[in-house]
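A note on names: the letters A, B, ... follow the listed sequences, proteins ahead of strands, and every chain is numbered from 1.
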Amino acid sequence: MIKLYNTLSRSKENLNTLKKNRVKLFVCGPTVYDNSHIGHARTYISFDVIARYLKYQGFSVFYLQNITDIDDKIINRAAKTGRDPIDLAREFEAEYLKDMKALGVESVNIYARATEHLPEIIAQIETLLDKGFAYETESGVYFDESKFTDFGKLSNRKIEDLHVHRIKPDPHKRNPGDFALWKKKDMKPFWDSPWGPGRPGWHIEDTAITGEYFGPQYDIHGGGLDLIFPHHEAEIAQMESASGLKPMVRYWMHTGFLNVKGEKMSKSLGNFITIKELLKEYPAEVFRFFVLSTHYRSPIDFSQEILEQSQNSLKRIYKFHETIGEFLSDGLPEKGENDELYMEILEDTRSKFLEAMDNDFNTPHALSLLFDFIRETNRKFKENDTSKESLYNIKSFLTEIGEILGFNFTAPSLEVGDDLTGELIDILINTRQKLREKKDWELSDEIRNKLGDLDINLEDK
RNA sequence: GCCAAGGUAGCUUAGAGGCGAAGCGGUGGACUGCAGAUCCAUUACACGGGAGUUCAAAUCUCUCCCUUGGCUCCA
């Protein structure tokens with residue numbers, strides 16, 4: 001039984017989906033006005049693994065993500081650079097999708113743009129107006145917070161406590177906490193509506209989109225911790241008011257922040273590293289390992305040193321996979337007397353691994369079990385004979401785990417290099433190998449040292 | 001002020017009442033012409049301070065200290 005932590009109840013709950021063996025999962029996507037940073041990547045990798053695991057456990061997962069392609073930030077950025085806002089949004093949407101691909105985030109079924117759901121957005125606002133949950137002013141249409149008694153149930157806040165405002169409330173609003181559903185604007189880009197030209201507020205696109213694909217109620221809604229208030233709170237207010245059905249979402253899941261030197265990474269603090277910058281320095285799987293070695297709800301502190309640690313840790317798994325491959329080419333018997341022993345270790349690890357994943361997707365624990373498995377198996381290799389069958393079983397077990405966590409342990413290496421230098425180095429290596437066969441240690445060591453000076457490290461088997 | 005998340009070996013993290021964890025790092029050994037890599041073993045006052053509950057507390061309760069975040073831009 002899969003248990004997950006529900007922000008709404010502040011406790012772990014058993015996963016009971018609306019329809020048996022089906023999960024409708026929505027995660028808030030990016031506002032596409034700039035390149036995404038590794039804090040975003042943390043969230044999307046986490047949900048990628050969650051979706052992968054649900055699939056592994058036999059669920060048919062419908063993973064939906066929105067793309068906010070209309071928003072003040074996009075408009076402002078476009079104005080600064082003299083560009084068309086929609087063009088700008090399309091550009092960074094494409095960059096986002098590239099980044100996700102590079103990070104191995106493959107589980108999203110549909111990316112839905114806000115601008116392609118204007119009819120649904122307008123229809124939902126009309127419903128809210130009809131039912132008296134919203135009102136129109138000269139500046140727009142607003143949700144009337146005082147009509148929704150559950151307001152604050154997700155973030156555990158009372159409306160009375162929400163009187164601190166960094167931005168002066170619009171004087172036309174009935175309550176300071178009322179939020180815009182429709183902003184009346186005649187500056188491009190705008191769309192026609194029953195209330196005149198304008199554009200949607202921030203929160204309405206998500207409920208319009210989920211309403212369209214999932215209906216008024218669905219299983220899991222995810223996002224970063226910073227979205228709990230006000231964004232997710234507003235979503236609940238809109239959808240539960242519009243549909244009259246509660247709850248809109250059964251399980252709310254939130255990822256912890258990625259921090260740098262203890263501070264949240266964010267655009268406004270200027271302490272961000274983009275996904276592209278990161279991937280120039282480190283392979284994507286190193287970052288994925290780094291993300292998965294902390295629980296998804298915990299804060300995670302980013303630094304070069306920790307990434308190096310992750311890289312070294314990940315190498316251990318890759319080396320183990322390599323060792324299996326080497327053994328397999330050694331001409332071992334098909335079956336052996338210790339097959340059962342190896343199978344026992346494997347099955348034991350698998351069941352513990354799944355138990356860890358069932359427990360609110362505890363990837364750090366799951367990884368530590370994988371390391372236990374590697375150590376124990378290595379030890380057995382020393383003490384006992386093995387067979388092809390055992391090795392194949394171990395190999396496919398690693399593949400199985402790799403698919404859940406999004407690693408390809410079969411992939412050759414963590415190294416990057418360009419072709420010509422690679423070929424030149426091969427010539428040197430081969431020459432040196434011949435020298436070694438002649439036991440010319442002096443010259444072969446010299447080659448190794450000189451290559452070492454160039455940061456090319458040779459390791460003899 | 002209000003609402004949250006944290007403080008576990010040198011570092012990064014699991015664990016949530018009773019078998020003292022995983023990885024990185026350190027040390028030793030095996031292997032090697034040597035080095036490295038690899039593998040094995042081992043190491044480390046481990047649970048922010050104080051009080052309480054209990055036969056038993058890192059884990060529960062209270063209290064204090066510290067860090068971070070949210071409070072209408074945010075993954």
Worksheet item: Hey, what's the ring geometry for His203(A) with His231(A), parallel, tilted or perpendicular (30° and 60° as the breaks)?
Response: tilted
Practice prompt. Using whole Å, report how far CZ of Phe290(A) lies from P of C24(B).
Written response: 17 Å
Fill in: Partners meeting ring pair (Phe, Tyr, Trp, His ring centres under 6.0 Å) with Phe133(A) (sequence neighbours left out)
none
Response to the item:
From CZ of Phe229(A) across to P of C2(B) the rounded distance in Å is 17 Å
Between the protein and nucleotides 4-11 of chain B, list every N/O to N/O distance that falls short of 3.5 Å.
unit_1, atom_1, unit_2, atom_2, d
A4(B), OP1, Asn156(A), ND2, 2.2
C11(B), O2', Gln309(A), NE2, 3.3
C11(B), O2, Gln309(A), OE1, 3.3
C11(B), O2, Gln309(A), NE2, 3.1

Worksheet entry | Sequence-distant partners of Tyr213(A), ring pair (Phe, Tyr, Trp, His ring centres under 6.0 Å), two or more places apart | His117(A)
Practice prompt. Grab the stems for RNA chain B, please: at least three consecutive Watson-Crick or wobble pairs, both distances below 3.5 Å, written as range with range.
Written response: B:1-7 with B:65-71, B:10-13 with B:21-24, B:25-30 with B:38-43, B:48-52 with B:60-64
Worksheet item: Whole-Å distance between C71(B) C1' and Leu227(A) CG?
Response: 14 Å
Worksheet item: What side chain to side chain donor-acceptor pair (under 3.5 Å) pairs are there with at least one residue in residues 362-373 of chain A, not counting sequence neighbours?
Response: Asp372(A)-Arg375(A)
Worksheet item: Less than 4.5 Å apart, any side-chain heavy atom of Arg52(A) and any of Leu405(A)?
Response: no
Worksheet item: Nearest-Å distance, CD1 (Ile228(A)) to C1' (C2(B))?
Response: 15 Å
Item to complete: Starting from C1' on U13(B), measure out to CG on Asn312(A) and report it in whole angstrom.
Response: 16 Å
Discussion item. Quick check: do Leu64(A) and Leu25(A) have side-chain heavy atoms less than 4.5 Å from each other?
Written reply: no
Response to the item:
To the nearest angstrom, the CD1-P distance between Ile374(A) and A21(B) comes to 19 Å
Item to complete: Not counting sequence neighbours, list each pair that qualifies as a salt bridge (Lys or Arg N to Asp or Glu O under 4.0 Å) and has a residue in residues 287-299 of chain A.
Response: Asp48(A)-Arg288(A), Arg297(A)-Asp360(A)
Practice prompt. For Asp144(A), enumerate each residue passing the side chain to side chain contact (heavy atoms under 4.5 Å, CB included) test, keeping only those at least two apart in sequence or located in another chain.
Written response: Tyr135(A), Ser146(A), Lys147(A), Arg174(A), Asn175(A), Asp178(A)
Can you pull every protein N or O that's under 3.5 Å from an N or O on nucleotides 66-68 of chain B?
unit_1, atom_1, unit_2, atom_2, d
U68(B), O3', Gly262(A), O, 3.3

Item to complete: Look at the side chain of Leu258(A) and decide which nucleotide, out of C73(B), G23(B), A75(B), has an atom nearest to it.
Response: A75(B)
Discussion item. For a quick check, tell me whether the side chain of Arg448(A) and the base of G36(B) share a donor-acceptor pair closer than 3.5 Å.
Written reply: no
Discussion item. Quick test of your reading of the model: are Arg199(A) and Asp72(A) salt-bridged, counting only N-O distances below 4.0 Å?
Written reply: yes
Discussion item. List the residues meeting ring pair (Phe, Tyr, Trp, His ring centres under 6.0 Å) with His221(A), not counting sequence neighbours, and say none if there are none.
Written reply: Phe26(A), His232(A), Trp252(A)
Discussion item. Assuming nearest nucleotide by heavy-atom distance, tell me which of His203(A) and Phe289(A) is located more 5' along RNA chain B.
Written reply: Phe289(A)
Worksheet item: Below 4.5 Å, heavy atoms only, C-beta onward: do Thr386(A) and Asn338(A) meet side chain to side chain?
Response: no
Discussion item. Would you measure the distance from the P atom in G48(B) across to the matching atom in C66(B) and give it in whole Å?
Written reply: 16 Å
Worksheet, complete the sentence: Residues at least two apart in sequence or cross-chain that pass ring pair (Phe, Tyr, Trp, His ring centres under 6.0 Å) with Phe353(A), listed by chain then number, are none
Worksheet entry | Distance, C1' atom - from C24(B) to A44(B), rounded to whole angstrom | 14 Å
Worksheet entry | Close side-chain approach of Leu435(A) and Ile447(A), heavy atoms under 4.5 Å | yes
Worksheet, complete the sentence: Taken in chain and number order and not counting sequence neighbours, the residues that satisfy side-chain hydrogen bond (donor to acceptor under 3.5 Å, both in side chains) with Asp150(A) are Lys153(A), Lys246(A)
Discussion item. In whole Å, I'd like the distance from the OH atom of Tyr296(A) to the P atom of A14(B).
Written reply: 12 Å
Discussion item. Does anything in residues 354-370 of chain A come within less than 4.0 Å of RNA chain B? Heavy atoms only, and list the residues if so.
Written reply: Asn362(A), Pro364(A), His365(A), Ser368(A)
